Number of protein chains: 4
Amino acid sequence: MSFSMIRGNMESTLATRRRNEILEAALKVFSEKGYHAAKIEDIASELNMGHGTFYRYFENKLDIFNQVVEEIVSMITQLVTDINPHEAETLEDYRRQLEMIGDRLFGLFKSNPSISRVIFYEAFGIEDRGLRERIQEVFDLIGRYIELYLENGIARGYMRADLHVRETALAIGGALFEACKRVVSSSDPEQDLSVWKETIITLIIQGVKKG
Amino acid sequence: MSFSMIRGNMESTLATRRRNEILEAALKVFSEKGYHAAKIEDIASELNMGHGTFYRYFENKLDIFNQVVEEIVSMITQLVTDINPHEAETLEDYRRQLEMIGDRLFGLFKSNPSISRVIFYEAFGIEDRGLRERIQEVFDLIGRYIELYLENGIARGYMRADLHVRETALAIGGALFEACKRVVSSSDPEQDLSVWKETIITLIIQGVKKG
Amino acid sequence: MSFSMIRGNMESTLATRRRNEILEAALKVFSEKGYHAAKIEDIASELNMGHGTFYRYFENKLDIFNQVVEEIVSMITQLVTDINPHEAETLEDYRRQLEMIGDRLFGLFKSNPSISRVIFYEAFGIEDRGLRERIQEVFDLIGRYIELYLENGIARGYMRADLHVRETALAIGGALFEACKRVVSSSDPEQDLSVWKETIITLIIQGVKKG
Amino acid sequence: MSFSMIRGNMESTLATRRRNEILEAALKVFSEKGYHAAKIEDIASELNMGHGTFYRYFENKLDIFNQVVEEIVSMITQLVTDINPHEAETLEDYRRQLEMIGDRLFGLFKSNPSISRVIFYEAFGIEDRGLRERIQEVFDLIGRYIELYLENGIARGYMRADLHVRETALAIGGALFEACKRVVSSSDPEQDLSVWKETIITLIIQGVKKG
DNA sequence: AATGAATGAGCTTTCATTCAT
DNA sequence: CATGAATGAAAGCTCATTCAT
């Protein structure tokens with residue numbers, strides 16, 4: 001699955017197609033080698049392309065990495081904001097929403113495992129304030145959405161009113177991302193996905209306590 | 001708090017003391033600039049030391065980063081393995097253990113904030129299989145310890161027997177690390193720490209469900 | 001004033017017209033940015049023309065610079081050779097000739113200030129023996145013409161017979177070019193031009209000595 | 001003759017000696033190849049030195065060129081400001097001063113012909129405002145000194161009071177530099193120098209007019 | 001004829017590492 | 001042991017030139 005497909009980009013001049021190819025190749029190379037070890041040459045030869053060509057489409061190495069991250073960020077954002085946090089009227093509804101999000105996030109990462117490697121690992125090694133902030137933003141966004149779910153649950157009366165919503169949301173986010181990482185690198189992702197979904201959802205809803 | 005102090009290293013020839021100073025300086029520099037932006041020169045001048053001297057104590061740049069990470073890993077390991085997972089006889093005991101771990105982990109990261117920056121962020125940007133695995137190991141170790149707590153809880157009968165212990169443990173780990181990151185970078189760490197402890201513990205034990 | 005106008009080029013196929021446009025644009029760009037900083041792309045976009053087109057009219061970058069210089073050289077040559085050094089029968093005639101040359105040279109440089117910037121400054125930065133020699137030639141040509149004036153003056157008896165004509169001619173050339181540079185870059189060229197003409201002519205004819 | 005000798009630099013740590021060697025080599029290379037064609041590698045191999053070493057002593061290519069120019073500028077400045085324009089009481093004194101300046105300027109350029117090539121030719125091809133201004137400054141300085149001579153001559157009564165001193169000074173400067181260029185590149189410099197001195201001085205003092 | 005996408009030689013610059021002092 | 005001058009591999013980036021369309 002390519003960036004352009006996911007974005008539903010229908011217009012595809014030769015130039016934009018080329019651009020997307022390079023973006024795709026860069027994602028692959030960055031995820032395999034990491035930002036610093038990746039050479040522009042590597043990206044270019046991935047496409048049997050002269051490395052000078054790269055610079056017709058992107059300013060420089062940091063520029064393309066930013067854009068790769070931007071693509072990923074916008075995919076995740078779309079995926080997260082797509083579900084209405086206020087819809088869930090019961091705990092059961094909520095559980096279904098959680099499952100849906102898990103499926104989607106995992107679907108995204110599985111469609112192109114490079115995405116998870118870049119967003120969860122490689123992106124942290126770059127000393128660029130803007131980039132760091134952009135990545136923080138997406139994690140924060142997810143956090144804020146989880147907050148909305150919790151607030152909705154509290155308002156509807158099926159969640160405890162004394163929750164620290166922000167912290168609880170971030171904690172759930174942490175657990176969620178751990179699940180994503182593990183499932184993506186699993187040897188039996190389908191099986192693991194279902195176990196993880198059950199685990200996360202149960203943990204969130206009931207905790208570990210008996211009864 | 002220095003590495004050597006934490007490790008309780010009593011023997012301190014001139015050479016080992018120097019080594020520890022360099023390790024300390026390297027931790028600082030790596031955490032401030034990141035692995036790639038950090039120059040050997042930076043580490044050396046932190047100690048008003050010729051940068052050639054560096055190579056009398058460490059093989060090369062990757063070597064010292066590995067050792068910095070190793071120090072951190074062993075601190076965390078010690079801290080985690082220090083508590084006996086089988087001691088907690090009741091849910092209340094367990095809650096106390098969780099609090100203790102939270103305090104300790106946070107104490108470690110707060111004593112030297114560079115530690116958290118390196119272990120949570122900088123360490124990911126390096127393309128070195130051995131290093132990656134070493135870091136994964138420490139997260140896995142923590143996961144395994146949390147597993148032991150869960151198994152103990154199940155055996156003692158105060159936790160649900162149908163938990164996927166491994167996955168639940170990793171999920172808890174994910175939430176825990178998120179908490180650590182947030183508290184460390186908080187503007188009011190003490191206040192936040194107590195909120196986070198309550199949040200995490202409540203989430204783990206009861207989940208979000210009302211009642 | 002364009003190159004073609006000055007050369008009085010009447011035949012103008014589409015191709016030669018295009019060629020002249022490019023030459024014109026190149027003069028502008030070279031004078032603004034200097035040879036090395038000027039990109040073929042810059043010249044092309046000056047004409048809203050694809051930069052590939054450039055190579056239909058000129059061999060390469062050095063080629064067009066040479067031709068730009070050639071145009072300038074031939075303008076100056078024409079201007080200088082246009083006056084007959086043997087016409088001046090008296091010192092007064094000579095003074096009038098000098099004035100005329102000053103007016104013309106300055107007129108040329110003022111009609112297109114790029115010309116002076118290229119010939120006096122940019123042309124020196126290029127490492128191309130042929131080009132250097134071509135430029136030297138035009139300065140030498142002017143020198144030789146000034147020689148002819150001097151020889152004529154000596155023959156007619158109104159100049160000192162013991163002049164080192166070659167060196168005196170070159171010295172006068174040096175003073176003349178300095179005047180050109182200063183007038184061209186002056187904030188009040190008309191005023192400066194008349195002062196400079198008087199200065200140069202007086203210096204040449206009488207020197208600085210009183211009486 | 002080296003930069004350091006001329007500057008009378010007595011202190012010569014290993015570092016400053018190295019620096020001067022590089023400056024010297026750079027002067028040679030820049031004068032032979034021109035700024036743009038000169039590679040850092042060329043300067044380095046001139047000294048059988050790794051090209052990385054260059055960067056221990058100079059920021060970058062433009063930096064060293066600036067410093068080469070700065071050395072030249074300060075030599076010329078020293079040489080020019082060394083003679084007191086108010087000393088000449090008679091035209092004969094003035095003539096002797098002119099001769100002295102000619103000898104010195106020529107002596108400088110002859111001691112290291114690269115100097116004249118850099119200051120008269122190569123320095124013009126660089127697109128760097130600061131550099132251009134610095135070079136203009138030295139030419140202007142010489143102009144201002146010549147002005148002082150003229151003003152002194154007028155005050156003493158041996159020069160015409162109606163001279164445009166500034167313009168006359170610059171014109172003389174133009175002639176003077178032309179002489180320098182020619183003598184430096186002459187095949188018989190000694191002979192040419194004496195002819196040129198006589199020519200310039202005669203031209204300045206008497207002009208070309210008979211009687 | 002006109003175009004501009006593609007190319008890669010060629011440059012500058014950095015910095016981990018070495019080693020003579 | 002300590003030093004820091006020297007090194008050169010290695011990478012990013014530019015832009016004149018080519019050539020398929």
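The structure displayed is predicted, hence computed values, not measured ones. Chain identifiers are assigned alphabetically (A, B, ...) following the order of the sequence lines, protein sequences preceding nucleic acid strands; residue numbering begins at 1 within each chain.
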Item to check | Reported CD-to-CZ distance for the pair A:Q136 and A:R129, which is rounded to 0.5 angstrom | outcome: 12.0 Å
Checklist entry - Quick one: B:H36 NE2 to F:dA10 C1', roughly how many Å, whole number? => result 13 Å
Checklist entry - How does protein reach along nucleotides 2-9 of chain F, written 5' to 3' as B (base within reach of a heavy atom under 4.0 Å), S (only sugar-phosphate), or - (no contact)? => result BBBBBBBB
Checklist outcome for this item: In whole angstroms, the gap separating P of E:dC15 from NZ of B:K39 amounts to 5 Å
Next on the checklist: Does the structure place the NZ or CZ of D:K61 under 6.0 Å from the centre of the six-membered ring of D:F30, at an angle of no more than 45° from the ring's axis?
Outcome noted: no
Item to check | Those residues that, when tested against B:N66, pass side-chain hydrogen bond (donor to acceptor under 3.5 Å, both in side chains) (two or more places apart) | outcome: none
Next on the checklist: Rounding to an integer number of Å, can you tell me how far B:N60 CG sits from E:dT17 P?
Outcome noted: 5 Å
Checklist entry - Is C:E24 salt-bridged to C:R17, going by a charged N under 4.0 Å from an acidic O? => result no
Next on the checklist: To the nearest 10°, give me the bend of the helix from E:dA2-F:dT21 to E:dT21-F:dA2, comparing the axes of its five terminal pairs at either end.
Outcome noted: 10°
Checklist entry - Between E:dT13, F:dT17, E:dT17, which nucleotide has the shortest distance from any of its atoms to the side chain of B:Y55? => result E:dT17
Checklist entry - Can you check the B:D63 CG to E:dT17 C1' distance for me, whole Å? => result 13 Å
Checklist outcome for this item: Rounded to whole Å, the OH-P distance (D:Y35 to E:dC11) equals 14 Å
Next on the checklist: Check this for me, if you would: do B:E122 and B:K28 make a salt bridge, where the nitrogen-to-carboxylate-oxygen distance has to be below 4.0 angstrom?
Outcome noted: no
Next on the checklist: Any base atoms under 4.0 Å from D:A44, or only sugar-phosphate, or nothing? Heavy atoms, all strands.
Outcome noted: nothing
Checklist entry - Contact class for B:A37 (heavy atom, under 4.0 Å): base, sugar-phosphate, or nothing? => result nothing
